[in-house]
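First comes the structure, then the notes that go with it.
Letters A, B, ... mirror the listed sequences (proteins, then strands); counts begin at 1. Worth saying up front: this structure is predicted, and the values here are computed from it rather than measured. Hydrogens, waters and symmetry mates play no part in the numbers below; they use all other heavy atoms, side chains included.
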Protein chains: 2
Amino acid sequence: MTSDAGPVRPPTIRTVAARAGVSKSLVSLVLQNSPRVSEQRRAAVLAAMDELGYRPDPAARSLAERRTRTVGVVLDDLTNPWYVDLLAGLRPVLHEHGLRPLLADGATEPDAVAALTDLRVDGIVVVGTPSDPVVEQVLALGDVLPVVVAGTRESRLGTADIVANDDDAGARLATAHLLEQGHRRISHIVGRGEVGGLRREGHVATMRAADLAQHCVDGDWTEETGHRLAHELLTGPDRPTAILAANDRSAVGVLTAADELGLAVPGELSVVGYDDTVLARLPRLSLTTVDSHIAEVGQAAGEALCARLAGDDPGAPTTRLITPALVVRGSTGPAR
Amino acid sequence: MTSDAGPVRPPTIRTVAARAGVSKSLVSLVLQNSPRVSEQRRAAVLAAMDELGYRPDPAARSLAERRTRTVGVVLDDLTNPWYVDLLAGLRPVLHEHGLRPLLADGATEPDAVAALTDLRVDGIVVVGTPSDPVVEQVLALGDVLPVVVAGTRESRLGTADIVANDDDAGARLATAHLLEQGHRRISHIVGRGEVGGLRREGHVATMRAADLAQHCVDGDWTEETGHRLAHELLTGPDRPTAILAANDRSAVGVLTAADELGLAVPGELSVVGYDDTVLARLPRLSLTTVDSHIAEVGQAAGEALCARLAGDDPGAPTTRLITPALVVRGSTGPAR
DNA sequence: CTGAAAGCGCTTACAG
DNA sequence: CTGAAAGCGCTTACAG
């Protein structure tokens with residue numbers, strides 16, 4: 001027969017103190033690795049903690065410390081592997097610094113940033129192109145909270161540190177690759193926002209340097225739009241021999257259009273994506289693309305935020321660009 | 001010139017009480033929608049909150065309430081779209097009940113469950129086939145915390161509620177579809193764990209009912225293994241005319257093997273996956289598969305957990321199975 | 001090097 | 001219907 005004392009409460013510093021024969025404060029000092037504790041008592045306290053299975057209560061700690069050791073991460077769409085890969089780089093950095101990520105979906109939840117500040121996060125990482133409400137709320141934050149933008153250069157967020165892939169350079173790599181393969185009629189399906197603009201600039205500059213006409217059409221990052229635009233491009237006059245899509249998802253739409261039209265890839269059409277997502281790596285797609293080293297972007301973003309939180313970097317907002325790399329697969333070949 | 005009063009502290013119930021001219025406790029009662037507050041004072045308090053932009057501090061609330069309104073979600077691999085889709089169903093349910101999910105990676109972090117209990121989560125959802133350490137830790141929990149297993153039937157976790165796709169039924173649907181197409185030599189690439197076993201059973205039972213020989217080979221859910229096993233099957237004696245893979249990822253490996261061997265799909269080989277992930281929907285793959293209605297599984301799991309937390313269901317562990325549906329695409333066709 | 005006390009911002013009985 | 005008080009489990013000056 002067990003006594004009916006209700007649910008057992010987990011041990012507290014008080015329990016630990018009693019067991020170790022010291023005061024509550026001493027336990028707290030041990031918890032924080034304070035040097036002002038004798039080795040003997042420290043050992044006694046640690047032993048007591050171990051025996052009792054003591055674990056500090058995060059809520060109590062947050063309340064007393066006036067910080068939560070959590071970081072808000074605003075993202076758009078976890079379905080997009082791009083975000084998942086970036087998180088894979090960000091998460092370990094936060095973990096090493098004793099911080100936990102709290103995810104919020106900026107697309108479905110317009111008040112994502114407000115929701116995070118309600119949770120008293122210590123800082124915020126905005127991942128990818130932020131929606132207008134997100135930008136507004138971040139600006140409204142002023143500088144009460146450190147904010148880092150990861151994965152996109154967002155000029156409206158002037159007070160935030162920025163870590164992004166060098167989209168301009170990536171688009172240059174991709175375009176140069178197509179030129180080397182002898183392509184001259186190259187179309188570019190542009191992406192939205194500043195990232196889309198930067199990729200277009202890199203493409204256009206490279207085409208111009210080669211004295212070639214540029215042909216850009218406005219897309220929106222989605223497979224559907226890539227599909228539709230590619231269909232138009234491939235059935236119109238002066239059919240391009242190569243299409244540079246703003247990202248892998250658009251490129252997948254391009255492949256679909258080519259398949260439907262019976263155009264061999266890369267025999268009759270070369271296709272390049274951007275991001276090197278899992279899609280690009282599928283053997284059936286085998287998409288030439290640009291690896292944006294997105295996990296590295298996430299890692300650098302985490303480091304930037306931790307530096308701000310540590311307070312050792314009170315300087316002006318920084319921008320750090322990660323250099324991308326071309327990944328040649330089966331969707332590109334010589335122009336014929 | 002602004003006064004240098006340090007960082008402004010957010011308003012507390014004390015601030016609100018002062019502004020509304022009431023006591024702290026009254027503010028707290030309003031916060032909890034208590035009926036024992038006069039309309040007039042309630043209005044005054046709400047107005048004060050609004051003017052001050054008051055938001056309750058979750059840490060303080062957690063500490064006083066002795067619960068955190070958070071739910072630990074143990075998963076294996078966010079890279080797998082299956083998990084993301086399940087989360088999409090789970091998240092809204094938790095949200096409606098004022099709960100927040102805290103994600104933990106059971107694969108990379110062996111102590112995931114312990115980490116979550118350290119955070120004082122109110123309950124736990126184990127998603128997918130749990131690793132051995134996860135099972136051990138959940139069992140060690142006893143019944144101090146409600147646990148729901150989502151997406152797999154895990155017999156070792158006898159005290160937990162279970163919500164899963166009816167894998168047996170799904171495998172029957174898939175196999176029946178192949179039989180209808182006239183296939184007689186069908187191989188099955190089995191998945192690991194209980195889910196793999198259930199899918200195999202459904203397949204085997206259907207084959208047996210049709211008086212056909214079964215041919216199962218052990219896989220492990222991955223593309224690589226699917227690829228390797230399919231290669232063996234397709235180059236061996238008595239080449240199957242159809243392969244049922246345990247999941248979409250394995251099926252992608254099968255497609256790759258078929259492509260390499262120059263076997264037309266579905267002309268010379270029909271391929272079926274399971275899960276209806278984004279992979280299956282790619283036009284270039286166009287994979288016939290079984291939709292496990294995984295978002296619905298996530299939703300039901302959330303509801304089960306909330307019921308436990310509400311305490312209105314102190315009964316024995318429940319098991320709820322979601323009925324899957326066949327999705328016919330381009331990777332299956334008549335046997336020739 | 002150690003301890004007693006105040007405080008973090010809430011909720012919850014308990015009196016009135 | 002309302003208020004004063006104690007308490008949740010921790011940290012942080014402040015004395016010794």
Please lay out, stage by stage, how B/R61 and B/R69 fare under the test side-chain contact (heavy atoms from CB on, under 4.5 Å). CA-CA 10 Å; B/R61 173 173 285 182; B/R69 301 177 189 242; 3.9 Å; yes
So among B/V121, B/I124, B/D118, B/L145, which one has a side chain to side chain contact (heavy atoms under 4.5 Å, CB included) with B/V113? B/I124
Any side-chain N or O of B/Q40 below 4.0 angstrom from OP1/OP2 of D/dC1? no
Under a plain distance cut-off of 3.5 Å, with no hydrogens placed, do A/T318 and A/D161 share a side-chain donor-acceptor pair? yes
For the residue pair B/S25 and B/S28, confirm or rule out a side-chain donor-acceptor distance under 3.5 Å. no
Distance check needed: C/dT12 C1' versus B/L31 CG, whole Å only. 14 Å
Whether B/R9 contacts C/dC8 is assessed here as follows: a side-chain N or O lying under 4.0 Å from the phosphate OP1 or OP2. Is that the case? yes
Indicate, with a heavy-atom threshold strictly under 4.0 Å, whether A/V37 touches base, sugar-phosphate, or nothing. sugar-phosphate
Using atom CZ of A/R120 as one end and atom P of C/dC8 as the other, report the distance to the nearest whole Å. 14 Å
When you check the side-chain N and O atoms of A/S155 and A/E194, is any donor under 3.5 Å from an acceptor? yes
B/R66 side chain N/O closer than 4.0 Å to the phosphate oxygens (OP1, OP2) of D/dG7? no
Have a look at B/S28 and say if it touches a base, only the backbone sugar-phosphate, or nothing, with a 4.0 Å heavy-atom cut-off. base
Are any of the side-chain heavy atoms of B/L29 and B/R36 separated by less than 4.5 Å? yes
Determine yes or no for a side-chain-to-main-chain donor-acceptor pair under 3.5 angstrom, with A/Q299 supplying the side chain and A/A295 the backbone. no
If the cut-off is 4.0 Å, is B/T12 near the phosphate of C/dC8, judged by side-chain N/O to OP1 or OP2? no
Shorter than 3.5 Å, N or O on both sides, protein versus nucleotides 3-6 of chain C: list them out with atom names.
residue : atom : partner : partner atom : Å
C/dG3   : OP2  : A/S23   : OG           : 3.4
C/dA4   : N7   : A/S25   : OG           : 3.1
C/dA4   : N6   : A/S25   : OG           : 2.8

Starting at atom CD of B/E39, determine the distance to atom C1' of D/dT2, rounded to an integer number of angstrom. 15 Å
Is any side-chain heavy atom of B/E303 closer than 4.5 Å to one of B/V163? no
Residues in residues 53-64 of chain B with a heavy atom under 4.0 Å of DNA chain D, by number, are B/L63, B/A64
Salt-bridged, A/R67 to A/D122, with N to O below 4.0 Å? no
Any stems for DNA chain C, made of 3 or more Watson-Crick or G-U pairs in a row, each with both distances under 3.5 Å? C:1-3 with D:14-16, C:5-12 with D:5-12, C:14-16 with D:1-3
Figure out the CG/P separation between B/L52 and C/dG9, and round it to whole Å. 14 Å
Do any side-chain nitrogens or oxygens of B/Q32 fall under 4.0 Å of OP1 or OP2 in C/dT12? yes
Can you tell if the side chain of B/N165 reaches within under 4.5 Å of the side chain of B/L321, non-hydrogen atoms only? no
After noting the C-alpha distance and the side-chain angles of A/D132 and A/R156, does the key distance pass the salt bridge (charged side-chain N to carboxylate O under 4.0 Å, His left out) rule? CA-CA 10 Å; A/D132 291 345; A/R156 291 177 292 173; 2.9 Å; yes
Short N-O contact, A/R308 and A/D143, less than 4.0 angstrom: no
Just the rounded figure in Å: distance from P of C/dT11 to CG of B/N33. 12 Å
